[in-house]
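One structure below.
Keep in mind it's a predicted model, so treat the numbers as computed, not measured. Proteins come first, then strands; the chains are lettered A, B, ... in the order of their sequence lines, and each starts at number 1.
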Amino acid sequence: MDFTEDQILRYSRHILLPEVGGEGQEKILNARVVLVGAGGLGSPVGYYLAAAGVGTIGVIDNDRVEISNLQRQIAHNTSRLGVLKADSAKETFETLNHDVKVVTHIERLTSANIKNIIKDYDIVVDGSDNFPTRYLVNDACVMLKKTLISAAVFRFEGQLMSIFPGEGPCYRCLFEVPPPPGMVPSCQEAGILGVVTGVIGTLQATEVIKAILGIGHPLKGKLLLWNALDMSFRTVKVPRNKECPVCGEHPTITELIDYEQFCSMSH
Amino acid sequence: MNITLNGEIKTVHDNITVLGLLELLQIQHQRVAVELNESIVKKDNYGSTAIKNGDILEVVSFMGGGTV
């Protein structure tokens with residue numbers, strides 16, 4: 001691939017890195033990454049992926065921008081209140097870098113649509129705000145063997161794990177089944193320090209770029225825990241679980257599950 | 001006896017189980033995953049899994065929420 005003069009200038013600080021170079025920048029420009037959610041995590045992830053020149057960024061979100069989002073969801077702004085977050089994020093990312101094409105998926109993920117949406121991407125970035133989606137995304141990525149960079153935040157803390165199906169553990173290897181509904185409060189209920197989403201989101205974006213380039217050591221088989229108040233990072237080793245219901249030796253989950261329906265039926 | 005809990009040394013009484021430790025810490029077991037010496041403990045086994053002197057435990061909280 002031939003870079004334009006503008007591209008050589010735009011990506012010069014990448015191209016200077018021996019671990020990236022022109023070849024690596026070409027990989028980034030050809031990469032296809034999909035964001036589950038254009039909120040607190042999806043905003044910084046998408047922003048940095050767009051700046052890096054990730055050629056195709058999918059954005060899955062059917063919410064609209066609300067004023068309470070703007071304390072942390074930096075892809076949006078005050079003039080976009082009421083606008084679909086996917087459209088707002090597209091505007092932000094494509095304005096930053098015209099090399100980037102943002103594909104919007106204005107729908108809520110379900111067992112019926114997820115495989116069709118993520119099949120065209122190389123890497124899936126989970127910044128979802130609920131457990132049914134988190135498990136759905138994990139299971140679909142395992143089934144389609146998609147690299148999944150999964151993160152979550154809560155109050156002053158965040159977690160991050162990179163999932164390479166077939167090579168390392170998945171989310172269910174650690175958390176086999178979702179907690180009972182209502183057992184774990186959401187950020188909406190519990191609050192979140194806005195900048196925490198920025199820290200975890202940019203760490204998440206770092207894992208995406210490393211995975212595209214195939215450099216360094218990903219958080220494969222490791223869960224990163226960060227606490228803003230202590231300013232502490234910890235890494236917990238996560239083994240593959242041979243009995244994992246989705247990626248183990250004898251999987252019992254072979255079809256995707258819509259937990260919300262399951263939960264509401266059982267109540 | 002001494003165990004390492006989330007990277008820090010902690011003294012607990014002998015013969016404590018994983019479930020007993022979570023109760024001591026006032027942690028609801030549905031909200032966490034527990035790793036004992038780098039193996040995940042199945043939830044059904046929390047009450048029957050005894051912790052030994054020198055064991056290394058990680059208690060990791062469920063964190064579901066991004067902030068979409």
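No more than 12 heavy atoms of other residues, nucleotides or ligands lie within 6.0 Å of OH in A/Y48, so this atom counts as exposed by the packing criterion. Atom CG of A/D230 sits in a crowded spot, with more than 12 heavy atoms from other residues, nucleotides or ligands closer than 6.0 Å. Atom CD1 of A/I67 has 12 or fewer heavy atoms from other residues, nucleotides or ligands within 6.0 Å.
Closest non-hydrogen pair, B/M63 versus A/F154, comes out as CG-CB, 3.5 Å. For the pair B/S39 and A/P239, the tightest heavy-atom approach, listed with the atom from each and the gap, is CA-CG, 4.1 Å. Contact record, A/R234 with B/G7: NH2-N, 3.3 Å, taken as the closest heavy-atom pair.
Formation of a donor-acceptor pair under 3.5 Å by the B/E58 side chain with backbone atoms of A/K237 is not found in this model.
To the nearest 0.5 Å, atoms NZ (B/K43) and CZ (A/F175) are separated by 8.5 Å. Taken from NZ in B/K42 to CD in A/E176, the straight-line distance is 4.0 Å, to the nearest 0.5 Å.
Contacts between B/E35 and chain A at a heavy-atom distance below 4.5 Å involve the side chain alone, from C-beta outward. For A/V196, no part sits under 4.5 Å from any heavy atom of chain B, backbone or side chain. Using a 4.5 Å cut-off between heavy atoms, B/V34 makes no contact with chain A at all. Only the side chain of A/E243 comes within less than 4.5 Å of a heavy atom of chain B; its backbone N, CA, C and O stay farther away. Only the side chain of A/L223 comes within less than 4.5 Å of a heavy atom of chain B; its backbone N, CA, C and O stay farther away.
Ring orientation note: the planes of B/F62 and A/Y135 are tilted relative to one another, at an angle of 30° to 60°.
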